[in-house]
Amino acid sequence: MSYPYQIRSRAQYDAEYQKSVTDPEGFWAGVAGNFLWRKRWDKVLEWNFKEPKIEWFKGAKLNITENCLDRHLGNWGDKPAIIWEPNDPEEHHRVLSYRELHFKVVQFANALKNNGVKKGDRVCIYMGMVPELAIATLACARIGAIHSVIFGGFSAQSIADRLQDAHAEYIVTGDGAFRGNKDIPLKSVIDDALVQCPFVKRVIVLTRTHTPVSMIKGRDVWWEDEIKKVETMGNPDCPAEEMDAEDPLFILYTSGSTGKPKGVVHTCGGYMVYTTYTFVNVFQYEQGDVFFCTADIGWITGHSYIVYGPLSAGATTLIFEGIPTYPDAGRFWDVVQKHKVNVLYTAPTAIRSLMSFGTELIAQYDLSTLKTLGSVGEPINEEAWHWYDENIGKGRCPIVDTWWQTETGGIMISSLAGITPSKPSYATLPLPGVQLMLVDEQGNEAQPAANEQGAMITSGNLCIKFPWPGMLRTTYGDHERCRTNYFATYENQYFTGDGSFRDEEGNYRITGRVDDVLNVSGHRIGTAEVENAINMHAGVVESAVVGYPHPIKGQGVYAFVIHEDPHHGDEDLTRKDILQTVTRLIGAIAKPDKIQFVKGLPKTRSGKIMRRILRKIAEGELDHIGDTSTLLDPGVVDAIKAGRL
Ligand code: PRX
């Protein structure tokens with residue numbers, strides 16, 4: 001496959017960017033022309049950010065799996081589509097060619113159909129990082145079912161909330177998942193979730209860990225048996241369902257500043273074009289390269305840059321089941337050497353955690369195949385950037401720091417590897433088609449001002465003023481929520497929730513969330529969600545959760561908790577009890593790093609918690625608390641300061 005839309009020089013980037021602004025429809029039609037459509041669009045774009053209504057390639061018909069699979073079969077049928085590296089390095093890895101992947105996807109698509117799944121039905125997928133996870137995802141897309149993948153670390157309660165919100169009647173899971181030296185009992189977690197979801201009709205269970213599981217007659221079936229049934233039917237094909245460009249492809253839940261996660265909805269046509277375009281350009285993918293994205297498919301990064309983007313581009317994508325530190329901290333480098341990885345795309349938190357193990361292990365591996373390094377999920381600090389550059393890239397691999405979100409579908413701000421310059425800790429330039437705007441609190445365009453060094457810097461809240469094909473279309477079942485969350489803060493702007501500044505060359509540096517959302521190890525966690533979970537714990541009167549700088553995780557979770565009577569006077573045990581409650585209600589990823597018991601919280605006279613003050617205390621900035629005169633009882637601040645952990 002060649003990529004006529006691949007940008008090969010800085011001058012070309014400038015020209016393409018310009019074109020994408022002056023003629024967005026012409027620009028995206030040009031890119032979209034390189035995909036397989038059953039029918040071309042009647043109109044490239046219709047939009048307003050008021051409702052919001054966003055329609056790309058209206059009237060076009062397609063199936064994304066024909067782009068990801070069928071169209072490669074002619075020339076690239078034997079090319080590896082997926083390389084799968086198991087958790088245990090002693091276990092055999094697997095390679096699936098495009099032909100084999102196509103076969104398995106249509107096979108499982110037929111199995112889904114046999115189990116009653118129809119176009120538009122929601123299918124929840126809760127699995128470990130095995131090829132069958134990608135297969136199940138693509139099989140849904142094949143028949144027009146809407147997948148909702150849930151990260152394997154979420155609890156039964158979180159799953160139940162999501163199943164109910166999406167009214168998903170079908171589930172695909174596994175008996176368990178291997179992650180490092182842990183065995184996550186997936187089916188058992190699903191069983192706990194289903195106590196609250198009697199509407200679920202079918203659970204298809206893949207055998208992976210051979211963990212004993214309960215199988216309920218009439219509801220639960222084995223993946224392997226369902227495949228056998230399809231085989232005996234003797235029809236290996238499953239014609240792709242014809243989808244409208246604007247039909248939903250998937251729902252992915254993500255945290256916001258309110259207590260309940262939102263189901264972000266992406267659609268077929270625009271998402272396909274956008275993920276493929278950004279994949280090919282940001283990483284400068286070339287045919288034959290092995291692409292290794294270390295994210296989990298349960299997050300947007302995995303959806304866009306393990307499954308859809310790479311496969312639509314005919315790339316070889318590596319799925320790794322394990323974690324970077326198992327069996328030791330050299331595992332990523334072992335995988336790079338073993339599979340001759342050319343592009344490595346990972347998160348700053350992983351880099352920082354591996355930094356702490358020194359460079360001895362790295363020296364044992366051949367990393368010479370690497371051409372490009374990527375970073376995603378949170379701001380990358382300069383120290384980690386340089387370590388990555390020197391020790392992994394050996395100073396010869398461009399680093400792309402990619403800023404984007406679940407809602408954006410694909411990368412929005414990034415350098416193009418080796419084409420536009422990188423700058424440590426800056427995501428750098430917007431991709432073609434991405435029209436950014438920095439605004440002040442009132443929504444006016446932010447103006448440049450001289451910083452201490454005399455450079456003209458513009459800083460403000462990061463907004464996007466024009467649609468791009470990969471953007472979210474709605475939040476599932478609640479369009480008004482989508483409007484108020486993203487389009488109501490500033491008129492005619494999509495508000496990202498991030499703060500940023502821009503240097504004189506137009507490079508963007510993301511400073512982090514300006515709302516009540518934390519970014520812990522690259523995972524988005526709403527403070528309200530954690531507070532709700534803590535408040536469910538017996539004896540808790542009230543709580544307030546804020547983030548603080550954490551050397552490995554980027555941000556840690558600091559909880560201030562008012563408790564009637566910590567476990568018969570045993571505060572430590574109560575802390576552990578609260579952690580159990582949070583793990584049960586959300587999942588281990590949301591567990592606070594610190595819990596401080598307090599007698600009162602700093603509140604204004606109208607009863608609002610002043611988080612600014614708590615943040616300062618959590619950060620250890622005890623001398624810079626700022627003005628406390630508007631507090632109902634300024635005395636609580638001194639008490640909290642005195643008890644800081
Ligand atoms: O705050 C930004 C941060 O992660 C948020 C989006 O989280 P999520 O939807 O889970 O998607 C993560 C993977 C795309 C953003 O609002 N973020 C993501 N990438 C970067 C980043 N912050 C700084 N630099 C980045 N490269």
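One-based numbering, in listed order, for ligands and for the atoms of each.
Y476 and S148 share no side-chain donor-acceptor pair at under 3.5 Å. With hydrogens and angles left out, the side-chain atoms of T275 and S304 include no donor and acceptor closer than 3.5 Å. Judged purely by distance below 3.5 Å, without hydrogens or angles, the side chains of W403 and D498 pair a donor atom with an acceptor atom.
Distances between N or O atoms of V376 and those of ligand 1 include no value under 3.5 Å. At least one N or O atom of T406, backbone or side chain, sits closer than 3.5 Å to an N or O atom of ligand 1. For R513, a nitrogen or oxygen atom sits less than 3.5 Å from a nitrogen or oxygen atom of ligand 1, counting backbone and side chain alike. Annotation: S375 places no N or O atom under 3.5 Å from an N or O atom of ligand 1; distance criterion only. At least one N or O atom of D401 sits closer than 3.5 Å to an N or O atom of ligand 1.
Taking the six-membered ring where the residue is Trp, Y277 and F27 present perpendicular rings, their angle passing 60° and hence far from 30°.
For ligand 1, the atoms closer than 4.0 angstrom to any heavy atom of N519 are 3 (C), 4 (O). Set against the non-hydrogen atoms of W404, the atoms of ligand 1 under 4.0 Å away are 6 (C), 14 (C), 15 (C), 18 (C), 19 (N). Close approach of ligand 1 to T301 is summarised as follows: ligand atoms under 4.0 Å from at least one heavy atom of the residue are 13 (C), 14 (C). Heavy-atom contacts of T402 reach the following atoms of ligand 1: 19 (N), 20 (C), 25 (C), 26 (N) (cutoff under 4.0 Å). Of all atoms in ligand 1, listed by their number and element, those nearer than 4.0 Å to a heavy atom of I510 are 22 (N), 23 (C).
The side chain of D498, and not its backbone, has at least one atom closer than 4.0 Å to an atom of ligand 1 (non-hydrogen atoms only; side chain from C-beta on). Heavy atoms from both the backbone and the side chain of Q405 come within less than 4.0 Å of ligand 1.
Taking all atoms of both residues into account, the shortest heavy-atom contact from T346 to F332 is OG1-CE2, 3.7 Å. What you find for I306 and L318 is that their closest heavy atoms are CG2-O, 4.5 Å.
The CG atom of L344 sits 9.0 Å away from atom CG of L367, with the distance rounded to the nearest 0.5 Å.
Ranking protein heavy atoms by distance to atom 7 (O) of ligand 1, first place goes to R524 CD, 3.2 Å.
When the heavy atoms of G409, G256, P379 are ranked by distance to atom 22 (N) of ligand 1, first place goes to P379.
For the side chain to side chain contact (heavy atoms under 4.5 Å, CB included) with Y13, the qualifying choice from T420, L431, N281 is T420, the only one to do so.
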- Message: Between F291 and F279, does the ring-ring contact (aromatic ring centres under 6.0 Å, His included) criterion hold? Intermediate values first, please.
- Response: CA-CA 10 Å; F291 183 80; F279 170 74; 4.8 Å; yes

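Residue contact check for ligand 1: G377 places a non-hydrogen atom closer than 4.0 Å to it.
By the neighbour-count criterion of 12 heavy atoms within 6.0 Å, atom CZ of R584 is sparsely surrounded, having that number or fewer from other residues, nucleotides or ligands.
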